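These notes concern the structure reproduced below.
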Amino acid sequence: MAQISLTFPDGNAREYAAGVTPAEVAADISTSLAKKAISATVNGAHWDMQWPIDADASVAIHTMKDDAQALELIRHDCAHIMARAVQEIWPDVKVTIGPVIKDGWYYDFDREEPFTPEDLGAIEKKMKEIINRRDAVTTETWDRDRAVKFYEANNEPYKVELIEAIPGNEPIRMYWHGHWQDLCRGPHLQHTGQVPADAFKLMNVAGAYWRGDSDRQMLQRIYGVAFKNKEDLKKHLHMLEEAAKRDHRKLGREMDLFHMQEEAPGQIFWHPNGWRVFTTLQDYMRRKQNAGGYVEVNTPQVVDRKLWEASGHWEKYQENMFIVEVDEEHAREKAINALKPMNCPCHVEIFKQGLKSYRDLPLRMAEFGSCNRYEPSGALHGIMRVRGFTQDDAHIFCTEDQIESETKEFIAFLSAVYKDLGFETFKVKFSDRPETRAGSDEVWDRAEAALLAATRAAGIEPELNPGEGAFYGPKLEFVLTDAIGRDWQCGTHQVDFVLPERLDANYIGEDGAKHRPVMLHRALLGSFERFIGILIEEHAGKFPFWLAPRQVVVASIISDADPFVHEVVAELKAAGVLAEADVRNEKINYKVREHSVGKVPVILAIGQKEVEERTVTVRRLGEKQTSVVTLDAIVEELGQAAKAPDLA
RNA sequence: GCUGCUGUAGCUCAGAGGUAGAGCACUCCCUUGGUAAGGGAGAGGUCGAGAGUUCGAUUCUCUCCAGCAGCACCA
């Protein structure tokens with residue numbers, strides 16, 4: 001047997017026979033390490049304690065102290081233990097896949113009966129039993145045919161399909177947790193007792209399509225979370241409770257921002273408070289856009305199907321469009337129209353009015369475009385995913401050479417705006433060609449290359465989102481997260497070689513000939529609705545002062561102070577502050593509580609003393625202590641704070 | 001759209017085969033109180049919609065609508 005040399009993190013090396021396992025290495029080092037070890041890293045790969053090492057390698061043995069590896073293994077073993085528990089309780093249930101995800105894992109099962117919340121309790125109990133059995137985890141690499149036959153014999157058709165999908169050069173790894181068996185790429189813990197029995201929890205059950213394909217069988221997915229100890233689990237559950245308090249749907253009601261109702265699913269009734277946020281944000285965006293060299297336009301809501309046919313939407317997007325058919329009796333001629341789901345075709349129509357010269361490019365055409373899309377009912381979510389929304393949309397008509405500079409400028413623009421709105425960091429995803437698409441592969445090659453090059457030139461290496469591009473072009477997505485960590489695409493930047501072609505847009509080049517412009521679809525906020533939803537959750541309802549729908553309440557302590565309260569309110573209003581008086585017959589405690597709950601950033605209290613001294617007592621949201629300031633000083637300060645960041 | 005769950009007062013929620021309850025909010029009265037709920041009284045509901053079973057349904061069954069979680073979708 002050949003000798004190999006293993007190098008440890010401290011730089012020391014030892015010789016072993018080829019094929020030695022980390023378990024043997026750990027035992028060689030010390031019996032306590034052998035017991036505590038959970039896995040190893042071998043040449044950078046996460047390695048099961050039982051996998052042989054065949055050549056010289058760097059090796060690190062992990063224990064529960066190594067968070068990354070420990071959590072991955074705990075969660076992965078939890079997935080197996082849960083699947084085993086389910087099959088011990090209901091032997092007929094078929095198992096499929098069970099990966100580790102953020103904070104935990106899930107496992108998909110095929111079972112006729114739905115799992116109930118009581119079932120989850122029973123499964124948890126069984127899991128604890130299995131953990132306490134401390135069954136050894138063992139693994140073997142099998143021949144493909146043998147594995148297929150094994151699963152066919154065991155009536156596990158999903159596993160057969162999974163094996164068939166594993167590339168030919170990859171090993172088929174079989175794992176056993178005691179007698180229970182699963183196909184798995186590993187690694188795993190050494191025995192089930194290494195999973196903390198009090199640090200996991202099954203969270204919920206939901207349907208999920210087999211292999212993510214909506215044409216296939218719907219399975220039942222059970223989600224769980226797992227941590228290294230009980231305290232971490234408790235912290236996680238507490239964090240979820242706190243996040244629920246930031247839910248924009250809850251805060252939207254509490255702060256009287258908007259409501260939604262059955263008669264208009266997926267559409268928003270903006271209340272005065274919410275609309276104030278909307279218009280303040282819109283005014284800000286308009287100023288930023290004007291400063292950024294955009295021209296603003298506005299286009300029709302209801303547009304004849306002919307334009308949608310020409311643009312390709314009728315073919316590719318019709319099921320998401322609200323179709324408007326006018327009854328023949330009431331119309332001179334029967335026409336089929338659609339509510340616009342996007343602004344792009346209309347913008348091309350504006351571009352096409354009159355001859356355009358290369359001197360006009362890049363032409364940045366913006367619209368606060370009100371769009372309607374018939375989104376699937378299950379996709380609707382508060383004000384984040386709706387059927388009627390307003391985009392901060394623009395289309396940049398430019399030459400292929402200008403893509404890079406326009407993209408860079410856009411990314412800088414977006415970063416500045418996000419920063420003003422309280423987002424220092426955000427994810428950038430690059431989505432390439434989807435299966436259903438318009439345009440030739442050659443055009444897609446160019447569009448993808450151009451966008452990627454421009455993004456990298458702007459100093460960003462985006463995360464790849466394969467196959468997620470729009471039907472007409474690849475896109476960059478600027479992603480923000482909500483209170484419980486769900487991703488939402490907000491900003492977007494897309495290259496489109498297709499639409500100008502389809503709608504026959506052109507400009508006269510330097511050479512006097514007609515040329516096709518490239519179109520860049522871009523939005524910073526994405527939609528005002530979604531972005532405001534994110535803003536609410538990000539700030540937990542405590543908007544930056546300039547964006548807050550209610551900025552100051554001036555509250556009287558005694559009714560003799562009322563005249564001065566009204567004077568203060570008038571002065572604040574004159575300084576551009578949203579101020580309101582609260583002279584109700586209530587105690588100051590009551591008023592402070594109510595306006596604190598209502599997330600009003602500043603409460604000014606006025607009693608006998610303030611009237612005499614022409615001062616106010618300032619209490620800021622989230623702070624307990626108060627300060628006394630002169631009327632002039634507070635008007636000056638809040639007048640300044642009420643200005644949008646681009647005006648301050 | 002799919003799977004599961006939910007729908008009772010403005011909000012949060014309780015309840016039962018015999019046509020409904022609490023707290024907060026609201027209205028009125030008393031209280032002028034110094035920084036997160038002062039006291040009292042009152043008003044408020046086609047129990048999501050429709051059909052069925054029943055002597056009787058808000059409660060049981062079915063269909064539909066909407067919401068929630070996840071999946072699929074997402075220009």
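In what follows, chains are A, B, ... by sequence order, proteins preceding strands, each numbered from 1. Only a predicted model underlies this, so the values are computations on that prediction, with no experimental measurement involved.
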Sugar-phosphate only, base, or nothing, as touched by A:Gly312 at under 4.0 Å among non-hydrogen atoms: nothing
Rounded C1' spacing from B:G17 to B:A25 in Å: 33 Å
Pair partner, B:U54 [Watson-Crick or wobble, under 3.5 Å]: none
Donor + acceptor pair across side chains of A:Thr116, A:Asp119 (<3.5 Å): yes
Touch class at under 4.0 angstrom, heavy-atom based, for A:Tyr317 against every strand present: base
Nearest-Å distance for atom pair CG/C1', residues A:Asn320 and B:C73: 8 Å
Phosphate contact (B:U35 OP1 or OP2) by A:Arg620 side-chain N/O below 4.0 Å: no
Distance test, side-chain N/O of A:Arg253 to OP1/OP2 of B:U12, below 4.0 Å: yes
Protein-nucleotide distance (A:Arg387, atom CZ; B:A66, atom C1'), rounded to Å: 11 Å
Which atom of A:Ala264 lies closest to which atom of A:Phe269, heavy atoms considered: CB-CE1, 4.2 Å
Sugar-phosphate, base or nothing in reach of A:Arg249, heavy atoms under 4.0 Å: sugar-phosphate
Phosphate OP1/OP2 of B:A36 contacted by A:Arg619 side-chain N/O (<4.0 Å): yes
Strand partner of B:U46, provided both Watson-Crick or wobble distances fall under 3.5 Å: none
Below 4.0 Å: OP1/OP2 of B:U32 and any side-chain N or O of A:Tyr590: no
For B:U32, the Watson-Crick or wobble counterpart (both distances under 3.5 Å): none
Sugar-phosphate, base or nothing in reach of A:Lys609, heavy atoms under 4.0 Å: base
Residue closer to the 5' end of RNA chain B, A:Ser559 versus A:Ala208 (nearest nucleotide): A:Ser559
Partner nucleotide, any strand, of B:A41 [Watson-Crick/G-U, under 3.5 Å]: B:U27
Options B:A37, B:A69, B:G67, nucleotide nearest the side-chain atoms of A:Ala206: B:A69
Nucleotide paired to B:G17 in any strand shown, Watson-Crick or G-U, under 3.5 Å: none
Touch class at under 4.0 angstrom, heavy-atom based, for A:Arg486 against every strand present: sugar-phosphate
Gap in Å between the two C1' atoms, one belonging to B:C55 and one to B:G70, rounded: 45 Å
Side chain of A:Lys587 (C-beta onward), nearest among B:A72, B:G38, B:G34: B:G38
Minimum-distance nucleotide to A:Ala379 side chain [options: B:C73, B:A37, B:G48]: B:C73
N/O donor-acceptor pair under 3.5 Å between A:Gln551 side chain and A:Phe545 backbone: yes
Nearest-Å distance once atom C1' is located in both B:G23 and B:G44: 15 Å
Whole-Å P distance, B:C5 and B:C74: 28 Å
Geometric class of the A:Tyr472/A:His521 ring pair [parallel <30°, tilted 30-60°, perpendicular >60°]: parallel
G-U wobble or Watson-Crick pairing nucleotide for B:A22 (cut-off 3.5 Å, both distances): B:U12
Donor-acceptor pair, side chain of A:Glu463 and main chain of A:Lys427, under 3.5 angstrom: no
Interatomic distance where CD belongs to A:Gln494 and P belongs to B:C74 [whole Å]: 12 Å
Sugar-phosphate, base or nothing in reach of A:Thr617, heavy atoms under 4.0 Å: base
First encountered from the 5' end of RNA chain B, between A:Gln261 and A:His381: A:Gln261
Expected output: side-chain A:Lys591 to main-chain A:Arg584 donor-acceptor under 3.5 Å: yes
Nearest-neighbour nucleotide for the A:Gln608 side chain, B:G34, B:U35, B:A72 considered: B:G34
Distance, P atom - from B:C29 to B:A37, rounded to whole angstrom: 25 Å
Results of side-chain contact (heavy atoms from CB on, under 4.5 Å) for A:Ser527 - residues two or more places apart only: A:Phe389, A:Glu529, A:Arg530
Selection from B:G34, B:A36, B:A72 that lies nearest to any side-chain heavy atom of A:Tyr209: B:A72
Between C1' of B:G34 and CG of A:Leu604, the distance in whole Å: 14 Å
Candidate nucleotides B:U35, B:A72, B:C26, ranked by approach to the side chain of A:Arg584 - the nearest: B:C26
P spacing across the pair B:G56 / B:G18, given as an integer number of angstrom: 14 Å
Inter-nucleotide C1' distance (B:C24, B:G52), Å rounded: 39 Å
Whether A:Phe543 and A:His539 hold their rings parallel, tilted or perpendicular, with breakpoints at 30° and 60°: tilted
Touch class at under 4.0 angstrom, heavy-atom based, for A:Gly212 against every strand present: sugar-phosphate
Distance-only donor-acceptor test, A:Arg385 side-chain atoms vs B:C74 base atoms, 3.5 Å: yes
Nucleotide paired to B:U6 in any strand shown, Watson-Crick or G-U, under 3.5 Å: B:A66
Among B:A36, B:G70, B:G7, the nucleotide that comes nearest once only the side chain of A:Val597 is considered: B:A36
Euclidean distance, atom CG of residue A:Asp119 to atom P of B:C5 [Å, nearest integer]: 11 Å
Residues which pass side-chain contact (heavy atoms from CB on, under 4.5 Å) with A:Asp92, listed by chain and number, not counting sequence neighbours: none
Closest to side chain of A:Leu380, choosing from B:U12, B:U35, B:G67: B:G67
Touch class at under 4.0 angstrom, heavy-atom based, for A:Pro376 against every strand present: base
Rounded interatomic separation in angstrom, taking CD1 from A:Ile603 and P from B:G34: 17 Å
Any N/O donor-acceptor pair, A:Glu610 side-chain to B:G34 base, under 3.5 Å: yes
Close aromatic pair by centroid cut-off 6.0 Å: A:Phe109 and A:Tyr158: no
Separation of B:G70 P from A:Asp487 CG (nearest whole Å): 12 Å
A:Pro265 side chain, from C-beta outward: closest of B:C74, B:A37, B:A66: B:A66
Minimum-distance nucleotide to A:Met218 side chain [options: B:U3, B:A69, B:A72]: B:U3
